Amino acid sequence: MAVTFGIEPALARSSTSLPLGDEWVYEQKYDGFRAIAFVAADGLRLQSRGGKDLLRYFPELAFPAGDYVLDGEIVIDADGGGEAFGLLQQRIHPAASRIEKLSAQWPASYVAFDLLALAGKELLARPFSERREALETIDGLRRARLVHDPREAEPWLRETEGVIAKRLDSPYTPGKRTAMVKVKRLRTIDCVVIGFRPGVAADSVGSLILGLYEPDGTLRPVGHSSAFTAARKRSLRRELAAYETGARGSGEPSRWSSDRELEWVELRPELVVEVSYDHTSDGRIRHGTKIVRWREDKPPRECTIDQLR
């Protein structure tokens, strides 16, 4: 397979634990935009995971001269460690002047973790061990750190977005989940249930709206949870009825259906749930959460925003 713009990136299957054995190596999982970089004498192209051209959004990115194709991640390093995904999202903006300003204020960088072609030679069929060795020969790149001992990777499970495990003997497999395993950092947080969105079915709950207290006492929405069975969605509606304040409204239109507004029902801030989540951005949980347990033992006012920091 030729390495041309539009190639699908290799994917990782999810796991709850690191695979073990001499054939595995480990990298930190970054919180950024996956991107394949095509570097050539006549210019640079950056391809998103979905096949879009990202170059105009990251004019500050530069690569060592040469003829090669990289797989990696575009990131913005956050103060105090980690990555600032919210700042990265702001780059996807139609105004060139806005992009230029943001690129100067919060410059992005590219973390390379695989090499797909070098000097016109396609490397997809070569084992990862050889591709990684070739990647090391390109001076001036920021490369993901690679470790062979799973004990060295364990801090990443506690302090970063998680770990990517790769087989040393595996070829690069575009669009397939055969060569890599991802183990995400598991995080939990205690939230106040401040409302719910009605479900599609009559007398059901579509999702719970979760909130946390700011230092000034403001209760701010930070995310939602909708991972319930149909039966549980119906029973939740009955259980939550006693906590309704009578206030109702509508939120921002759904990004999937721009002509449909999202109705919400307010609840008294008396119920606490522990939820698990993967990512946060700008003080909000980026994706839906999963309920771990209801916390009848925890006062709602102890559910504070500092848990996200």
Side-chain angles (χ1 to χ4, degrees), residues 31 76 78-80 82-90 92-93 161 184-201 203-229 232-309:
D31 194 13
I76 294 179
D79 294 338
E83 296 82 49
F85 188 82
L87 295 179
L88 204 64
Q89 286 181 309
Q90 293 181 38
I92 310 304
H93 196 281
E161 293 301 309
K184 294 182 178 180
R185 173 186 174 189
L186 178 63
R187 291 173 277 195
T188 65
I189 192 172
D190 295 323
C191 294
V192 184
V193 181
I194 61 176
F196 68 86
R197 298 194 189 280
V200 175
D203 298 320
S204 70
V205 169
S207 63
L208 300 179
I209 304 172
L210 308 175
L212 294 173
Y213 280 98
E214 294 277 11
D216 64 2
T218 302
L219 183 56
R220 180 164 69 82
V222 294
H224 71 279
S225 185
S226 57
F228 307 109
T229 64
R232 184 57 179 144
K233 289 180 178 182
R234 291 191 297 272
S235 65
L236 268 175
R237 187 64 184 260
R238 295 191 294 271
E239 294 171 19
L240 298 178
Y243 298 90
E244 293 184 30
T245 66
R248 284 164 166 73
S250 59
E252 297 178 355
S254 168
R255 63 174 177 157
W256 304 120
S257 179
S258 60
D259 60 347
R260 180 173 65 88
E261 291 195 339
L262 298 175
E263 178 188 357
W264 53 260
V265 177
E266 184 182 73
L267 300 176
R268 297 196 307 275
E270 299 175 10
L271 299 173
V272 174
V273 289
E274 180 183 0
V275 298
S276 63
Y277 66 98
D278 292 330
H279 303 286
T280 63
S281 177
D282 298 329
R284 290 183 63 88
I285 299 170
R286 271 174 43 201
H287 307 300
T289 69
K290 293 184 179 180
I291 301 292
V292 176
R293 57 175 172 153
W294 293 81
R295 295 290 308 269
E296 292 86 357
D297 59 319
K298 183 156 187 174
R301 288 304 298 260
E302 292 184 7
C303 299
T304 53
I305 197 73
D306 62 285
Q307 294 178 89
L308 290 180
R309 302 186 181 118

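The model shown is predicted, which means the values in this text are computed figures rather than measured ones.
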**Message:** I want to check something: taking the side chain as every heavy atom from C-beta on, are I189 and C303 in contact at a cut-off of under 4.5 Å?
**Reply:** no
**V193, V192, L208 screened by side chain to side chain contact (heavy atoms under 4.5 Å, CB included) with L267, the one that passes** = V193
**Fill in**
dist T289:OG1 -> L210:CG (nearest 0.5 Å) comes out at 5.0 Å
**Request:** Over all heavy atoms of both residues, which pair between S204 and R237 is shortest? Give the atoms and the distance, please.
**Result:** O-NH1, 3.4 Å
**Prompt:** Who pairs with R234 by side-chain hydrogen bond (donor to acceptor under 3.5 Å, both in side chains), at least two apart in sequence or on another chain?
**Reply:** none
**Request:** Report the distance from atom CZ of R295 to atom CG of L271, rounding to the nearest 0.5 Å.
**Result:** 13.5 Å
**Prompt:** Which residues pass the side-chain hydrogen bond (donor to acceptor under 3.5 Å, both in side chains) test with T218, sequence neighbours left out?
**Reply:** D216
**Message:** Between R232 and S235, is there a side-chain donor-acceptor contact under 3.5 Å, judged purely by atom types and distance?
**Reply:** yes
**Message:** I'd like to know if the side chain of E274 reaches the main chain of V292, judged simply by a donor and an acceptor atom lying under 3.5 Å from each other, with no hydrogens or angles considered.
**Reply:** no
**Asked** Do side-chain atoms of R220 reach the backbone of R284 as a donor and acceptor pair under 3.5 angstrom?
**Response** no
**Request:** Drop me the distance from S276's OG to I285's CD1, to the nearest 0.5 angstrom.
**Result:** 9.5 Å
**Message:** Taking NZ in K290 as the centre, count heavy atoms belonging to other residues, nucleotides or ligands within less than 6.0 Å. Is the count above 12?
**Reply:** no
**Complete:** Here the pair of heavy atoms bringing Q307 nearest to E302 is NE2-O, 4.5 Å
